[in-house]
Amino acid sequence: MSNDWSFEPKTVELPSGKVALIESGSGSSIVYLHHSWGSPGALPFHEKLVEQGNRVVIPDMPGWGGSDRPTWARDVRDVAILVGRLLDRIDCVPSTIIGAGLGGFVAAELATMSPSRFSSLVLFGPVGLLPEQGEILDQMMLSHRKYIEESFRDRETYIEHFGEEPAPEMRQLWDLSREMTARVSWKPYLHNRRLQPLLDGTSIPTLIVMGEQDRVVPLSVASQFLQALPNAQMEIVPDAGHLVELEQPEAVARLVLQHMKSTDT
């Protein structure tokens with residue numbers, strides 16, 4: 001097997017504007033929808049998925065990163081509709097959709113609307129449901145750097161990935177991403193009361209992955225997804241906070257690949 005896992009940048013034109021993405025590999029399609037703070041690009045986690053014979057697509061969701069901002073969008077469902085159109089355009093139907101944090105919210109909304117687009121669903125520390133216990137950490141009340149630091153299991157792990165002072169381009173990404181996050185999911189903050197009643201009709205095989213030390217999303221939210229989705233299972237990853245795919249790439253990639261294998265028909 002070739003070890004050339006370089007990710008190629010591409011631009012897709014939608015009626016709502018351009019969508020930037022990076023892509024690598026061939027085989028079963030896996031689409032990764034990033035956290036609220038934007039996509040940091042290809043990670044070791046993504047490379048491990050490509051290494052095992054998969055096509056991995058990482059878009060900047062509309063309004064984030066290098067993608068055009070749909071100024072009319074005011075709801076996560078608006079973003080989900082646009083992501084669905086993107087999947088149709090790039091021939092990623094059906095595919096495994098991985099949604100991380102806010103990306104999990106987008107993926108869950110899309111799953112209730114168009115389940116045929118999914119072969120399986122994976123949610124990393126998903127938001128989208130009002131916690132029955134605890135609260136989702138309010139990033140609007142923290143500095144960008146502090147919020148990302150809180151997303152890791154500890155400060156040392158944060159520094160390992162971003163350094164004492166993040167690069168200016170990363171700070172800019174966080175700033176623009178927060179503005180788009182607030183535009184579509186501030187009030188109510190990172191949840192939709194209309195989502196949970198629709199999940200029980202969504203039979204897509206689903207894997208929910210939570211970091212054991214997640215300080216951003218309460219475990220109760222993952223448990224609510226687990227109870228609401230009729231074909232779901234949950235895994236807790238040790239030594240990881242909210243950003244499980246950055247902190248434990250090998251373990252998380254293994255969980256995703258096992259889930260995909262178990263859903264093959």
Side-chain angles (χ1 to χ4, degrees), residues 6-12 14 16-24 31-47 56-71 73-74 76 78-80 82-83 86 97-107 124-127 136-153 155 157-186 189-190 211 214-217 240-247 249 252:
S6 58
F7 280 73
E8 177 185 356
K10 297 182 179 181
T11 299
V12 178
L14 297 178
S16 58
K18 73 175 183 181
V19 175
L21 60 86
I22 56 176
E23 177 179 344
S24 183
V31 178
Y32 173 86
L33 303 181
H34 56 74
H35 289 272
S36 63
W37 50 274
S39 172
L43 302 169
F45 162 72
H46 301 120
E47 294 175 354
V56 176
V57 180
I58 309 171
D60 288 339
M61 292 190 293
W64 279 266
S67 296
D68 287 341
R69 176 164 295 180
T71 56
R74 290 295 184 275
V76 171
D78 297 333
V79 180
L82 295 177
V83 169
L86 171 67
I97 310 293
I98 302 173
L102 176 68
F105 190 173
V106 174
F124 294 162
V127 296
I136 298 169
L137 183 64
D138 190 346
Q139 62 183 282
M140 308 304 171
M141 302 298 292
L142 302 173
S143 69
H144 301 313
R145 185 195 61 77
K146 183 61 176 175
Y147 176 71
I148 303 301
E149 181 180 325
E150 290 294 311
S151 298
F152 286 93
R153 66 179 181 266
R155 187 170 188 273
T157 309
Y158 161 77
I159 293 173
E160 178 185 331
H161 284 83
F162 290 107
E164 288 280 0
E165 288 297 328
E169 59 269 22
M170 187 60 67
R171 285 184 175 274
Q172 183 179 32
L173 172 66
W174 294 349
D175 187 46
L176 295 174
S177 297
R178 176 173 290 187
E179 182 183 341
M180 187 62 189
T181 299
R183 183 185 292 263
V184 299
S185 63
W186 189 3
Y189 182 61
L190 290 178
D214 193 326
R215 294 177 291 174
V216 174
V217 180
H242 183 56
L243 304 177
V244 290
E245 69 275 38
L246 276 77
E247 298 179 80
V252 174

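For the pair Arg145 and Tyr158, the minimum side-chain heavy-atom distance is below 4.5 Å. Glu149 places none of its side-chain heavy atoms less than 4.5 Å from the side chain of Phe162.
Not counting sequence neighbours, Glu160 has no partner by the side chain to side chain contact (heavy atoms under 4.5 Å, CB included) test. With sequence neighbours excluded, the residues that form a side-chain hydrogen bond (donor to acceptor under 3.5 Å, both in side chains) with Tyr32 are Glu245. Looking at residues two or more places apart in sequence or on another chain, you find no side-chain hydrogen bond (donor to acceptor under 3.5 Å, both in side chains) involving Thr181. For Arg74, there are no salt bridge (charged side-chain N to carboxylate O under 4.0 Å, His left out) partners, not counting sequence neighbours. For Pro249, the side chain to side chain contact (heavy atoms under 4.5 Å, CB included) test picks out Pro44, Phe45, Lys48, with sequence neighbours left out. Arg178 pairs by the side-chain hydrogen bond (donor to acceptor under 3.5 Å, both in side chains) definition with His144, not counting sequence neighbours. Residues forming a salt bridge (charged side-chain N to carboxylate O under 4.0 Å, His left out) with Arg153 (at least two apart in sequence, or on another chain): Glu247. Under the side chain to side chain contact (heavy atoms under 4.5 Å, CB included) criterion, Asp68 pairs with Lys18, sequence neighbours left out. Ala73 pairs by the side chain to side chain contact (heavy atoms under 4.5 Å, CB included) definition with Pro70, Asp78, Met180, Val184, not counting sequence neighbours. Judged as a salt bridge (charged side-chain N to carboxylate O under 4.0 Å, His left out), and not counting sequence neighbours, the contacts of Lys10 are Glu23. A search for ring-ring contact (aromatic ring centres under 6.0 Å, His included) contacts involving Phe105 returns nothing, not counting sequence neighbours.
Residues Val127 and Leu190 approach most closely at CB-O, 3.7 Å, considering heavy atoms. Closest heavy-atom contact between Asp214 and His242: OD2-ND1, 2.9 Å. Looking at every heavy atom in both residues, Ile58 comes nearest to Gly41 through CD1-O, 4.4 Å. Across all non-hydrogen atoms, the minimal contact from Pro62 to Val79 is CD-CG1, 4.4 Å. Nearest heavy atom pair, residue Ala107 against residue Gly99, reads CB-CA, 4.4 Å. The shortest heavy-atom contact between Thr157 and Phe152 is CG2-CD2, 3.7 Å.
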Side-chain donor/acceptor pairs under 3.5 Å, residues 167-174, sequence neighbours excluded:
{"unit_1": "Arg171", "atom_1": "NH2", "unit_2": "Glu165", "atom_2": "OE1", "d": "2.7"}

Task: Full working for side-chain contact (heavy atoms from CB on, under 4.5 Å) between Met61 and Leu33 - done: CA-CA 7 Å; Met61 292 190 293; Leu33 303 181; 4.1 Å; yes

TODO: Go through the steps to decide whether Val31 and Val83 satisfy the test side-chain contact (heavy atoms from CB on, under 4.5 Å), and finish with yes or no.
DONE: CA-CA 10 Å; Val31 178; Val83 169; 5.7 Å; no

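In terms of modelled atom types and a separation under 3.5 Å, the side chain of His161 and the main chain of Leu246 share a donor-acceptor contact. For Ser67 (side chain) and Asp60 (main-chain N/O), a donor-acceptor pair under 3.5 Å exists by modelled atom type. No side-chain donor-acceptor contact under 3.5 Å links Tyr147 to the backbone of Asp138. In this structure a side-chain-to-backbone donor-acceptor pair under 3.5 Å is missing from His34 to Pro40.
None of Ser36, Ser177, Ser151 except one satisfies the side-chain hydrogen bond (donor to acceptor under 3.5 Å, both in side chains) rule with Gln139; the exception is Ser36.
Remark: Ser16 OG to Arg69 CZ distance equals 13.0 Å, nearest 0.5 Å.
Using cut-offs of 30° and 60° for the angle between ring planes, the Trp37 and His35 rings count as parallel.
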